[in-house]
2 protein chains.
Amino acid sequence: MARSGVPTRERIISAASALFYNDGIRGVSVDAVAAKAGVTKRTLYYHFRSKDDLVAAYLAARDQPNLALFRQWFAEADDGLPAQVERIFRNLARSARHPKWKGCGFLRTSAELANMPGHPAMKIGAAHKKKFEEWLRVTFEAEGIAQASQLARQILLLLDGSFAVVLLHRDPSYMETAGEAAHGLIEAALPVRAKRRSRRRR
Amino acid sequence: MARSGVPTRERIISAASALFYNDGIRGVSVDAVAAKAGVTKRTLYYHFRSKDDLVAAYLAARDQPNLALFRQWFAEADDGLPAQVERIFRNLARSARHPKWKGCGFLRTSAELANMPGHPAMKIGAAHKKKFEEWLRVTFEAEGIAQASQLARQILLLLDGSFAVVLLHRDPSYMETAGEAAHGLIEAALPVRAKRRSRRRR
DNA sequence: GTATGTATACTAGCCAGTGAATATACACAA
DNA sequence: TTGTGTATATTCACTGGCTAGTATACATAC
């Protein structure tokens, strides 16, 4: 058990999350994570088999909250598919303006561990993005879009592209550009009936 | 001077390029680069002030060849803007099928060094992507596209998105999806006159 | 004989992971 | 109530190896 109310394992993951996201996987030592969690390294190794294991736990802990946030932004208003998806990009742009923002933890980790394709963290990252893509696809299909899976892939490409480009240029306006492109692609794919409906809602 | 015909400095950059691209910046030691270049570490430090300096040289050496390749793919046939840009994506998909492919060196480096925004390598990476975007914009403008800069940004987002997504899923078909999306966006932005022209060319 | 280039050998610090011991909590027997 | 065993949780101290960078010396060329 932990000294404070939070279990030790979770405190370690929190510390790892902050440090890995900020400085990258190889930029953070296990000692640093242990110190930030207020625990000795040996305790950390009691809860996690290896650093790789800890990295996987870091990403796994980000999976659900991240998806929930996207869904929440999407559902904030029922103003039509194009606007709802565009709102995800707009909110992301707002996040990206915070000075501590450093892109998508899943993508940055996958870029750093690109030479270890079988790494558990890679699998978790891939699964996370697949879930998001699948959620988009299902959502599009429910609105009667014929090429739903194609469109979902395109939106995903715009999203992940904006993570990469904004991180490089430190210019969140690219996220708004991506949002507008997504808006346009979805609008064009919408059947006429749904288009009328979305206009009414707005 | 070097033992072989190639100057020492260039051999070091070649070795660094292969290793950094494959294993990431922090995954490669200066000793490893020196060994691969067939040179002692001290010699390496004669030619480069620091590892960061070497990283910058690695990316700088990739700037022009990379852009030239894109331009070459674009110019391989004069079959209209949408098809020409889509061909860049198709060729990229072909590259991505090689087992040694590991995404875009510029993006991966920027992801790894995200906590050092002033790092010279970040500046070189940002400048590289800006050059590509600017080349697209000028090309679009020459074809009479009104929203050329907006469209150039969208294509860039699709391109960098496909680097990220393909690296994560190891599925180059996303690059073809991105190419089709780019094709569609450009076609829609083309003035009627140019559209007819591009159809004729095909 | 000075500038360029290369090599040997070194330092000081960091890193992932471990060995051995200890502390706490709780179940169950006397 | 007290004693004892066992699983969980934690600590201190350590190792062997790697890492970026350097002090010094030697070679070669013009």
Side-chain angles (χ1 to χ4, degrees), chain A residues 1-59 61 109 112-113 115-116 118-122, chain B residues 1-59 61 109 112-113 115-116 118-122:
Chain A
M1 249 317 157
R3 294 221 183 86
S4 76
V6 185
T8 305
R9 190 188 152 87
E10 287 178 30
R11 268 189 307 136
I12 295 172
I13 292 181
S14 289
S17 199
L19 291 174
F20 284 150
Y21 179 71
N22 202 64
D23 299 330
I25 306 304
R26 290 200 251 240
V28 173
S29 69
V30 176
D31 294 78
V33 175
K36 175 137 190 164
V39 138
T40 62
K41 184 158 56 167
R42 202 64 188 78
T43 297
L44 188 152
Y45 274 102
Y46 173 78
H47 291 279
F48 302 91
R49 208 178 319 126
S50 64
K51 183 180 182 182
D52 287 340
D53 198 25
L54 179 60
V55 173
Y58 146 60
L59 287 188
T109 302
E112 200 175 341
L113 306 183
N115 61 337
M116 314 171 80
H119 194 292
M122 293 290 279
Chain B
M1 245 324 153
R3 295 220 183 85
S4 76
V6 185
T8 305
R9 189 189 154 87
E10 287 178 30
R11 269 190 306 137
I12 295 171
I13 292 180
S14 290
S17 200
L19 292 174
F20 284 151
Y21 179 71
N22 202 63
D23 300 330
I25 306 305
R26 289 199 252 240
V28 173
S29 69
V30 175
D31 294 77
V33 175
K36 175 135 190 167
V39 139
T40 63
K41 186 159 55 167
R42 199 61 189 82
T43 297
L44 187 152
Y45 274 102
Y46 174 79
H47 290 279
F48 301 90
R49 210 178 317 128
S50 64
K51 184 179 182 182
D52 288 340
D53 198 25
L54 179 59
V55 173
Y58 146 59
L59 288 188
T109 302
E112 199 174 341
L113 306 183
N115 61 337
M116 315 171 79
H119 195 291
M122 292 291 277

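Below, chains carry the letters A, B, ... as their sequence lines are ordered, and counting in each starts from 1.
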> Hey, is the side chain of A/Thr8 poking within less than 4.0 Å of OP1 or OP2 on D/dT10, counting only N and O atoms?
Replying inline: yes
> Restricting to pairs with a member in residues 18-32 of chain B, which pass salt bridge (charged side-chain N to carboxylate O under 4.0 Å, His left out), not counting sequence neighbours?
Replying inline: B/Asp31-B/Lys41
> By side-chain hydrogen bond (donor to acceptor under 3.5 Å, both in side chains), which residues pair with A/Asn22, not counting sequence neighbours?
Replying inline: A/Lys102
> Can you name the side chain to side chain contact (heavy atoms under 4.5 Å, CB included) partners of A/Ala61, sequence neighbours left out?
Replying inline: A/Ile13
> Should B/Val33 and B/Val30 be marked as a side chain to side chain contact (heavy atoms under 4.5 Å, CB included) after you check the CA-CA gap, both sets of side-chain angles, and the distance that decides it?
Replying inline: CA-CA 5 Å; B/Val33 175; B/Val30 175; 5.5 Å; no
> Could you run down nucleotides 9-26 of chain C 5' to 3' and tag each one B, S or - for protein heavy-atom contact under 4.0 Å?
Replying inline: ------SBBBBB------
> Does C/dT6 have OP1 or OP2 sitting under 4.0 Å from an N or O in the side chain of B/Thr43?
Replying inline: no
> For the pair made of CG in B/Leu44 and P in C/dT4, what is the distance, rounded to whole Å?
Replying inline: 18 Å
>> Going by the rule side chain to side chain contact (heavy atoms under 4.5 Å, CB included), which residues pair with A/Ser14 if we only count those two or more places apart in sequence or in a different chain?
In response: none
> For B/Tyr46 and D/dA23, what is the distance between atoms OH and C1' respectively, to the nearest whole Å?
Replying inline: 17 Å
>> With ring-ring contact (aromatic ring centres under 6.0 Å, His included) as the rule and sequence neighbours excluded, what pairs involving residues 8-58 of chain B come up?
In response: B/Phe20-B/Tyr58
Could you list the protein-to-nucleotides 25-30 of chain D atom pairs, N/O on both sides, closer than 3.5 Å?
none

> Taking only residues two or more places apart in sequence or in another chain, which ones pass salt bridge (Lys or Arg N to Asp or Glu O under 4.0 Å) with A/Asp52?
Replying inline: none
> Can you name the residues that form a side-chain hydrogen bond (donor to acceptor under 3.5 Å, both in side chains) with A/Ser29, not counting sequence neighbours?
Replying inline: none
>> It should be established whether B/His47 places a side-chain nitrogen or oxygen under 4.0 Å from OP1 or OP2 of nucleotide C/dT6.
In response: yes
